[in-house]
Amino acid sequence: MAADLAEKTNRYERLLAEALDAAEDVNPPNTPLGESAAEYREMAQSYLDDGRHFKANDDLVNALASFSYGHGWMDAGARIGLFKVPDEGHLFTV
């Protein structure tokens, strides 16, 4: 079971990192939607950083939770139009 948790944690870390790289902000920065996009991106990046901290300390359960929450922020941002994201592939559910 530990191997499954480690594999899943690594997969979700990659998924979040790739989602952050793939998402393009589509709204001007000094607008309400642009500011919201920055907040969503900041939350996702913070969860990625936290997850990596947990992972480095062998706390895979909290690492996986952090990576999952971070990806949720990116996916939600894509769904409400804060980010332009790839239509195909495994990164987003849009």
Side-chain angles (χ1 to χ4, degrees):
M1 178 106 150
D4 294 336
L5 179 59
E7 184 278 326
K8 193 169 196 173
T9 301
N10 290 333
R11 184 165 28 104
Y12 276 66
E13 178 184 11
R14 284 190 308 273
L15 183 68
L16 176 52
E18 289 176 25
L20 279 161
D21 287 342
E24 297 177 37
D25 295 354
V26 294
N27 299 288
N30 294 324
T31 64
L33 289 175
E35 290 170 3
S36 292
E39 289 174 6
Y40 273 59
R41 186 177 290 279
E42 180 181 358
M43 289 298 294
Q45 183 64 55
S46 293
Y47 276 115
L48 179 62
D49 296 342
D50 288 349
R52 287 178 171 165
H53 171 79
F54 289 129
K55 185 177 160 188
N57 288 295
D58 294 320
D59 185 352
L60 298 184
V61 171
N62 282 316
L64 177 57
S66 292
F67 298 143
S68 298
Y69 278 116
H71 190 268
W73 278 95
M74 292 304 294
D75 211 31
R79 241 185 215 270
I80 62 173
L82 298 178
F83 307 116
K84 178 181 176 193
V85 298
D87 293 335
E88 309 261 331
H90 65 284
L91 294 179
F92 298 95
T93 60
V94 292

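In this chain, residues are counted from 1 in sequence order.
Between the CZ atom in Arg14 and the CG atom in Leu16 there is a gap of 12.0 Å [rounded to 0.5 Å]. Atoms CZ and NZ, from Phe92 and Lys84 in turn, are 12.5 Å apart once rounded to the nearest 0.5 Å. With rounding to the nearest 0.5 Å, the separation of NZ in Lys55 from OG in Ser66 is 12.5 Å. From Asp50, atom CG reaches atom CD of Gln45 across 10.0 Å, with rounding to the nearest 0.5 Å. One distance of note links OG of Ser68 with OH of Tyr47; it measures 11.0 Å at 0.5 Å rounding. Taking CD of Glu7 as the start and CG of Leu64 as the end, the distance is 10.0 Å to the nearest 0.5 Å.
A heavy-atom distance below 4.5 Å is found between the side chains of Leu15 and Leu91. You'll find the side chain of Asp25 stays beyond 4.5 Å of the side chain of Leu82, heavy atoms only. Within the 4.5 Å cutoff, the side chain of Leu60 has no heavy atoms near those of the Phe54 side chain. A 4.5 Å side-chain heavy-atom check between Met74 and Phe83 finds at least one atom pair inside the cut-off. Side-chain contact between Arg52 and Phe67 is present, with at least one heavy-atom pair separated by less than 4.5 Å.
Other residues, nucleotides and ligands contribute more than 12 heavy atoms inside 6.0 Å of the CD atom of Glu35.
The ring pair (Phe, Tyr, Trp, His ring centres under 6.0 Å) check on Tyr40 picks up Trp73, with sequence neighbours excluded. Residues passing the side chain to side chain donor-acceptor pair (under 3.5 Å) test with Asn62, sequence neighbours excluded: Asp59.
Looking at Asp75 and Thr93, their side chains do bring a donor and an acceptor atom within 3.5 Å of each other.
Counting all heavy atoms, side chain and backbone alike, Arg41 lies closest to Ala23 at NH2-O, 2.8 Å. Shortest non-hydrogen contact noted between Ala63 and Gly51 is CB-O, 3.4 Å.
Using a 4.5 Å cut-off between side-chain heavy atoms of Ile, Leu, Val, Met, Phe, Trp and Tyr, with links allowed through other members, Val26 and Leu20 fall into different hydrophobic clusters. Under the 4.5 Å side-chain contact rule for hydrophobic residues, Leu5 and Tyr69 share a cluster.
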